[in-house]
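Read through the structure below, which is laid out as structure tokens, and then see the notes.
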There are 2 protein chains.
Amino acid sequence: MTGTPSRSTDSANGPAARRSDASRSAILAAARERFAADGYERATIRAIAKDARIDPSMVMRYFGSKDGLFAAAVTLDLRMTDVSQVPPTEVGRALVGHFLDIWEANEELTAVLRVAVTNKAGAERLQGIFRDQVVPVAQRVCPDPEQVATRAGLCAAQLMGLALTRYVVRLPPVVALAREEIEAWLGPTVQRYLTAPSP
Amino acid sequence: MTGTPSRSTDSANGPAARRSDASRSAILAAARERFAADGYERATIRAIAKDARIDPSMVMRYFGSKDGLFAAAVTLDLRMTDVSQVPPTEVGRALVGHFLDIWEANEELTAVLRVAVTNKAGAERLQGIFRDQVVPVAQRVCPDPEQVATRAGLCAAQLMGLALTRYVVRLPPVVALAREEIEAWLGPTVQRYLTAPSP
DNA sequence: TAGGCTTGTCAACAAGCGTTGGCCAACAGG
DNA sequence: CCTGTTGGCCAACGCTTGTTGACAAGCCTA
């Protein structure tokens, strides 16, 4: 998999592959899963270490503390660059679909959301994601630059509400929705929040 | 069992006033506050008891366990009966306003939301509130009886998303919104989810 | 082969948790 | 008065948590 562990060239090859990389990534994967399923407090270092089949003290050695582990495990990239390529009237629907993709691809967003609710650092992480990744996208579709933040916030409220009810609280009617239904219902909403004239 | 410590009339006077009622309600108030601010795990019995200026063991005596305390502290009544009195075209806006009222009147809804994210019993409590109090209201405004649950779920997603971003995660642009702005933006959304033809 | 990092195991620590039971003071009814 | 019930505090229990340090085995270089 890793091919050459690169003992020789260390200069431009990134941070020098270590023998423990397998353990590191096993811990990170287990951590993501536990944080997503249990939230911050109930995702214990001991449980994560057990999932990764490793000693809890190794988690501490590699990541310093539980906070450090969370910071290392949850680095979220929404990959929202291609929004300018869809027709302007379909931006809402495309964004809804994109978020559904991300939400179902892995558990990182669920982890962020769950942790953000009970942990201050988690909430700040989510605020940062919104500021650095959501607002800039809204900036490209939104007419009035003064309203960008507000409109992005409205979209976030709608999309995170969907995620909350569908993936976390699991309200039965929201869980039962098909992908196309979600796009058809929420697409126009997001579209309006982004582009409609201010009411 | 309980005997009759009541001084005078015990027949139709409810559950017989006790000498400890002041302590009981102090505990319940502190519990609501802590659950809303910290979520289930971090809202410790010891902290709640300290807020209520009482010994932790009394909390156990009165409410049996931490689960029992949560069940007793968070009994949520959305008071959603008067929806039939507003003009049918204004139902969405009225509902948004009503929820803002409830959310800002006390901290119970925030408590339910925060606990529902990390605690299974909390999630079931929220599902019950949705089933028993939200869906029936939608039933009265919604044309097609087969779609009532779906449409109620969509409204819940939008409204809980607002609450999540405004009162829990505190995204700055959402916190900054004025009440009229929220009603103007979300009202039409909720209205559409409830009454517009299925897309 | 010797010596220094790295990776891993094990046992323990202090702190905090929910929970329990015993004890004392204040009250109530006879 | 005495007696039983109630309200309250205190000290402790068993357990789990994040975190630490000592120590053995493995690898790499010299």
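Lettering of chains follows the sequences in order, A, B, ..., and the numbering in each one begins at 1. Remember, predicted model here, so these are calculated numbers, not experimental data.
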*Cut-off 3.5 Å, side chains only: do T118(B) and E41(A) have a donor facing an acceptor?*
no
_What I want to check is whether the side chains of D55(A) and S57(A) have a donor and an acceptor closer together than 3.5 Å._
yes
Grab the [atom1]-[atom2] distance between [X] and [N] for me, whole Å please.
X: I27(A); N: dT7(C); atom1: CD1; atom2: P; value: 11 Å
X: R19(B); N: dA28(C); atom1: CZ; atom2: P; value: 6 Å
X: M58(B); N: dT19(C); atom1: CE; atom2: P; value: 16 Å
X: D21(B); N: dT6(D); atom1: CG; atom2: P; value: 14 Å
X: R53(B); N: dG8(D); atom1: CZ; atom2: P; value: 14 Å
X: R18(A); N: dG8(C); atom1: CZ; atom2: C1'; value: 16 Å

_Base, sugar-phosphate or nothing for Y62(A)? Non-hydrogen atoms, less than 4.0 Å._
sugar-phosphate
_Atom of A43(B), atom of F35(B) and distance for their closest heavy-atom approach_ = CB-CD2, 3.7 Å
*asked:* Can you give me the closest heavy-atom contact between R24(A) and F63(A), atom names plus distance?
replied: O-CZ, 4.2 Å
*Could you write nucleotides 13-24 of chain D as a row of B, S and -, 5' to 3', where a protein heavy atom under 4.0 Å of any base atom gives B, of only sugar-phosphate atoms gives S, and otherwise -?*
----BBBBB---
*State plainly whether the residues R114(A) and E107(A) are in salt-bridge range, i.e. N to O under 4.0 Å.*
no
*Counterpart residues, side chain to side chain donor-acceptor pair (under 3.5 Å), relative to R32(B) (two or more places apart)*: none
